[in-house]
Amino acid sequence: MKLPAPPTEKSFRSPLHHPRVATVIGRWLATAVVICFLTGLYSHFQQHTPGWLHIPSRPAELYRVTQGLHVLSGTIAVPLLVAKLWTVYPKLFAKLPWPPSRKALENVLERGSILVLVAAMALELFIGFLNTLQWYPWPFPFKETHYALAWIIVGALFVHLAVKLPLIRANWRRTSADRTAPAESLPPAITGLTRRGLFRTVAGAATLVGITSVGQSAPALGPIAVLAPRKPNVGPQGLPVNRTAEAAGVTAIDADWRFTVKGPQQLSYTLDDLRTLPQNRSDLPIACVEGWSQGARWEGIRIRDLLQLCGARADSRVRVVSMEKGGFYATSELPPEFAHDPLTLLALRLNGTELALDHGFPARIIAPNRPGVLQTKWVHRLEVIT
Amino acid sequence: MKARLALGAVGVGLGLWGLWLLVDAVQVPALIRLPIWLGGAVFADDAFLVPLTVGIGWLVTRWSIGPDHHRTVGAVRTTLLYVGITTLIAIPLLLRQGKGVNPTVLPRDYLRDWLLLEATIIAAGVVVYVVQRSRFTFKRSRASSGDIGGR
């Protein structure tokens, strides 16, 4: 028995495996990648702020929007990547030029760059999506790998654009074939799908995936977010939790619990003392790095009032120390812009009742325009850094 | 040509920066296993996902050659594609539900919601299919009765 011959580039007869289609879908995918990369970079700098960078504390909802966009653009990129790979799939079976020549070398390099691009992007989207489920079945650290792969993707994308620039230029503009199928191939009455039809279908798939998942960041669409790992109103006090008290190793507080401020003067308060200090209200969202967000009403003491009480300068930087055992986020730092913002609170209450233990009881930080991981919970000490 | 060289050089630079970040931050035992995962991602796409799409597309196109099928093949193809892509995204949710320690992660009944979503997509596909068919049948009956262009 003779095995069927392996496919070649010519085996794929649909006229939709065409550079024009690849250019258009590539444009969409590149838009998603750029949005995802820039919003991701913003999130990275929020968590690892270099000395030269000053992130403003307003607009208060900025991080909510950027991180929602980060996860949304990454999710939408899944159907776009599949469509792009489908379009260029016949290229995978193209013969390598032989004998070795300059052209053959270029071809090998080009394929190498595409291999890097596809591998990095597919893995990046996969681990990014699984991270939103808090599922880490791989042997490498998520955050560092996700960040490094992002740079590799952008680099490989530049190389890809450099290689394909003439082809992109030639196919950038709409052609008559975008309305009808090319004459030399099967008519659309038989294949059923014109280029325009394909674009519409792919755009529809991306929209469908977007609409069924964006509800974790936009609570109005929460009820139909059937593909989102979070529901913005599910959790204690109507708010999801990222790290539970149990996972953080925090149980109820002792009777001799004290909240201390280490600054020019040392302050020490019992929980009842904290409750008698001037209370303020902030309507601020919790916006998680994993993309979900939900607005909430917080009540507590302004950090800048505490700074004033301990005699610290208004432009002080503050280290926030949690009772959390270990973990990356047991401490955080409030840069001066955030410490001084009147919306930034040491919150004691959430949505009208005392903080639940999972939300950081007895006291937590809530500040505008910050990732949830820096809204430190179970706070028992502030240290003024001058 | 200069623009291309510049783009390429910037790309290589950024890629090397990413590689350095990786080598710097990830421990060696994890680093040597990373290529397996990268290769796995390519394999999943190029040896499974895309061939599956190509194969189903080929079957649908073959089916569309049948009598009248080309009128409704769009609805069939789009429905299959939407069912496929939403299922792909739903798979991790379905696999992971109820396994984590945090009850606010994956709080839905994802199996029910996935079935509802697919049922909705298929129902919408059927509606489009029926409308497209009836439109075609209507046109044909008008044509055969000499109703078109007669007045």
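Sequence lines set the chain letters: A, B, ... in the order given, protein chains first and strands last, and positions in each chain run from 1.
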Looking only at non-hydrogen atoms, find the nearest pair between [X] and [Y] and report the distance.
| X | Y | result |
| --- | --- | --- |
| Gly235(A) | Thr104(B) | CA-CG2, 3.6 Å |
| Ala228(A) | Tyr110(B) | O-OH, 2.5 Å |
| Arg108(B) | Ala225(A) | NE-O, 3.1 Å |
| Leu130(A) | Pro92(B) | CD1-CB, 3.8 Å |
| Gly15(B) | Ile152(A) | O-CG1, 3.7 Å |
| Leu208(A) | Ile121(B) | CD2-CD1, 3.8 Å |

Given a strict heavy-atom distance threshold of 4.5 Å, which part of [X] is in contact with chain A: side chain, backbone, both, or neither?
| X | answer |
| --- | --- |
| Leu93(B) | both |
| Leu38(B) | both |
| Asp46(B) | both |
| Leu5(B) | neither |

Tell me, out of [options], who's got the most heavy-atom pairs with chain A below 4.5 Å.
| options | value |
| --- | --- |
| Asp24(B), Leu49(B), Thr53(B) | Thr53(B) |
| Leu21(B), Asn102(B), Val42(B) | Asn102(B) |
| Phe43(B), Trp37(B), Trp58(B) | Trp37(B) |
| Leu34(B), Asp109(B), Thr78(B) | Leu34(B) |
| Leu14(B), Leu95(B), Ile36(B) | Leu14(B) |

Contact origin within [X] toward chain B - heavy atom pairs under 4.5 Å:
| X | result |
| --- | --- |
| Ala247(A) | neither |
| Leu92(A) | side chain |
| Thr212(A) | side chain |
| Val209(A) | side chain |
| Asn242(A) | backbone |
| Leu85(A) | both |
| Leu157(A) | neither |
| Pro141(A) | side chain |

Taking [options] one by one, which has the highest count of heavy-atom pairs under 4.5 Å against chain B?
| options | answer |
| --- | --- |
| Thr244(A), Leu227(A), Val234(A) | Leu227(A) |
| Val82(A), Thr145(A), Asp358(A), Ile127(A) | Thr145(A) |
| Phe12(A), Trp138(A), Trp292(A), Tyr147(A) | Trp138(A) |
| Trp135(A), Phe158(A), Phe129(A) | Trp135(A) |
| Ala119(A), Gly197(A), Pro229(A), Ala122(A) | Pro229(A) |

Task: Interatomic spacing from CD in Gln134(A) to NZ in Lys99(B) - rounded to 0.5 Å - done: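 It is 15.5 Å, given to the nearest 0.5 Å.
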Task: Separation of Leu198(A) CG from Leu81(B) CG (nearest 0.5 Å) - done: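 Here the interatomic distance stands at 9.0 Å.
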Are [X] and [Y] side-chain neighbours, meaning at least one heavy-atom pair lies under 4.5 Å?
| X | Y | answer |
| --- | --- | --- |
| Trp151(A) | Leu22(B) | no |
| Pro51(B) | Tyr89(A) | yes |
| Trp86(A) | Val54(B) | yes |

Open item on the list: If you count every heavy atom of other residues, nucleotides or ligands that lies below 6.0 Å from Glu106(A) atom CD, does the total exceed 12?
Closed with: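 It does: Glu106(A) CD has more than 12 such atoms within range.
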Task: Other residues, nucleotides, ligands: >12 heavy atoms within 6.0 Å of Glu9(A) CD - done: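 Check passes, neighbour count above 12.
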TODO: List the steps, then state whether side-chain contact (heavy atoms from CB on, under 4.5 Å) holds for Val105(B) with Arg230(A).
DONE: CA-CA 6 Å; Val105(B) 181; Arg230(A) 297 284 192 152; 3.3 Å; yes
Task: Pro139(A) backbone acceptor or donor facing Arg33(B) side chain under 3.5 Å - done: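 Not confirmed, Arg33(B) side chain does not pair with Pro139(A) backbone.
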Open item on the list: Regarding Thr201(A) and Arg77(B), do their side chains bring together a donor and an acceptor under 3.5 Å, going by distance alone?
Closed with: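 Short answer, no.
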